[in-house]
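This chain uses plain numbering: 1 for the first residue, then up along the sequence.
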Amino acid sequence: MKIKKYVARDFKTALQRAKEEMGQDAIILHTRQVKKGGILGLLYPPRVEITVVVDDKLQVNSDRLRSGSAPGGPAAAAKPEISASIDTISPTSTINNSENSSREDEVLLEIQRMKNLMTDIKSRMYEVEVIKGMPEQIEQFYETLINNNVDRDIALKVVNSVATRLPKDGISDDAWARDVCLHTLQEVIQQVQPIQIKSERKGMIVFLVGPTGVGKTTTIAKLAANLTFLDSKSVALITLDTYRVSAAEQLRTFAEIIGIPISVVFTPTDLMLAIEQYREKDLIFVDTAGRSPYNSEQMEELREFVDIARPDETILVMSITTDNNDLINIYQRFQSIGVDKLIFTKLDETCSYGSILNALYEIKKPIAYFTTGQNVPDDIEVPDALRLAQRLLRRDEAL
């Protein structure tokens with residue numbers, strides 16, 4: 001049995017090549033459109049690829065039938081059923097197979113949709129059952145959390161915890177019920193750990209990592225400025241972001257304004273030399289290039305820098321405007337290099353803070369900072385659990 005692929009500009013040409021090389025007994029296994037790889041592939045139209053198979057024994061028998069050497073003589077080769085089996089490759093049969101495959105895909109997709117719908121219905125029924133009978137204030141808190149994009153399962157767990165702390169004979173004081181809800185939320189958010197520099201220790205290394213576009217460079221500039229001016233610490237900057245010239249220049253400008261040294265490095269060896277140069281500083285910030293968590297090559301390159309530097313803290317920077325599921329996926333990918341703390345950016349770009357609660361509930365890592373704008377060094381703050389809880393319960397809560 002032989003299997004071979006043919007790529008041509010259209011189906012007819014690929015089919016003709018298959019017939020010429022594999023014979024009339026070849027059977028089409030698969031047909032698809034393909035594009036040329038690389039950047040130049042965008043300039044070329046898609047091509048057709050067909051995969052064909054031929055059975056050597058079947059081909060020999062067919063050849064004998066066509067030559068009249070098979071039992072039964074020349075007349076046997078003229079039988080309708082034999083001639084019909086020879087021309088196995090045909091565009092019509094391929095199209096029919098494709099249509100059948102397409103229908104099967106549609107049916108499977110519809111079945112999956114129905115399963116998702118049933119799962120959602122069951123979830124909503126459970127939700128109604130849990131909420132039913134709870135005090136009106138608790139139901140309102142639940143709706144507020146949902147409106148703030150808090151995951152429904154997490155919101156249910158929160159209000160369940162609130163309900164167990166309230167008297168069974170009802171609530172007459174709305175303010176007291178709100179305080180109980182705030183306290184419960186604070187317990188989920190309570191892990192807040194900004195960077196702590198020990199006075200007896202020199203050369204603390206902190207890496208900031210994360211996907212592209214979350215504001216790592218601006219965040220590192222804010223941290224460096226605040227630690228230098230407000231905490232009187234000696235700080236040095238190292239940037240690995242050699243992919244974007246603008247990022248390195250931006251950080252260099254910040255460093256000149258603040259009056260602290262900066263090095264741009266390209267290799268793990270260069271990184272170690274720069275770290276040794278700044279060993280007497282209180283803190284060494286390392287700004288990394290934005291990495292796609294789904295690009296294994298980029299993540300492996302980042303891992304090489306982290307492994308050789310062995311930072312005291314690796315902080316993952318994520319934007320609050322990112323989808324809930326993506327936040328969890330981003331963390332899981334970066335966790336392979338080690339993540340100690342989180343920074344959430346762009347709180348000024350949304351009125352919904354539920355994604356922070358969702359991430360904390362699933363990730364269970366402390367938050368180091370929030371950023372609330374582009375201004376350096378002002379728009380950064382150490383999270384306050386009470387204030388975040390208030391934001392979660394009031395969409396119009398002022399920043």
- prompt: For the hydrophobic clusters of this structure (ILVMFWY residues joined by side-chain heavy atoms under 4.5 Å, transitively), does one cluster hold both L273 and F207?
  reply: no

message: Going by salt bridge (Lys or Arg N to Asp or Glu O under 4.0 Å), D282 matches just one of K202, R201, K198. Which one?
response: K202

- prompt: F285 and side chain to side chain contact (heavy atoms under 4.5 Å, CB included): which partner among T239, I238, L227?
  reply: L227

field: Interatomic spacing from CZ in R303 to CD1 in I337 - rounded to 0.5 Å
entry: 7.5 Å

- prompt: Side chains of Y331 and E362: donor-acceptor distance under 3.5 Å anywhere?
  reply: no

- line: To the nearest 0.5 Å, atom CD of Q335 lies from atom CG of D340 at 8.5 Å

query: If only atom types and distance count, is the side chain of N358 paired as donor or acceptor with the main-chain N or O of D151 below 3.5 Å?
result: yes

message: Under 6.0 Å from the ring centre and within 45 degrees of the ring axis: does the NZ or CZ of K364 meet both conditions for the six-membered ring of Y361?
response: yes

message: Assess, by modelled atom type and distance only, whether the side chains of S355 and N149 contain a donor and an acceptor separated by less than 3.5 Å.
response: no

- prompt: Between T321 and S319, do the side chains contain an N or O donor and an N or O acceptor separated by less than 3.5 Å?
  reply: yes

query: Is there a donor-acceptor pair closer than 3.5 Å between any side-chain N or O of S336 and the backbone N or O of R333?
result: yes

query: How long is the span from the CD1 atom in I343 to the CD1 atom in I320, to the nearest 0.5 Å?
result: 14.0 Å

- prompt: Among the clusters formed by ILVMFWY side chains lying less than 4.5 Å apart, do I257 and I260 turn up in the same one?
  reply: no

message: Any carboxylate oxygen within less than 4.0 angstrom of a Lys/Arg side-chain nitrogen, looking at E276 and R279?
response: yes

- prompt: I258 and A221: which non-hydrogen atoms are nearest, and at how many Å?
  reply: CD1-O, 3.9 Å

field: Cation-pi, Y353 ring and R391 (6.0 angstrom, 45 degrees)
entry: yes

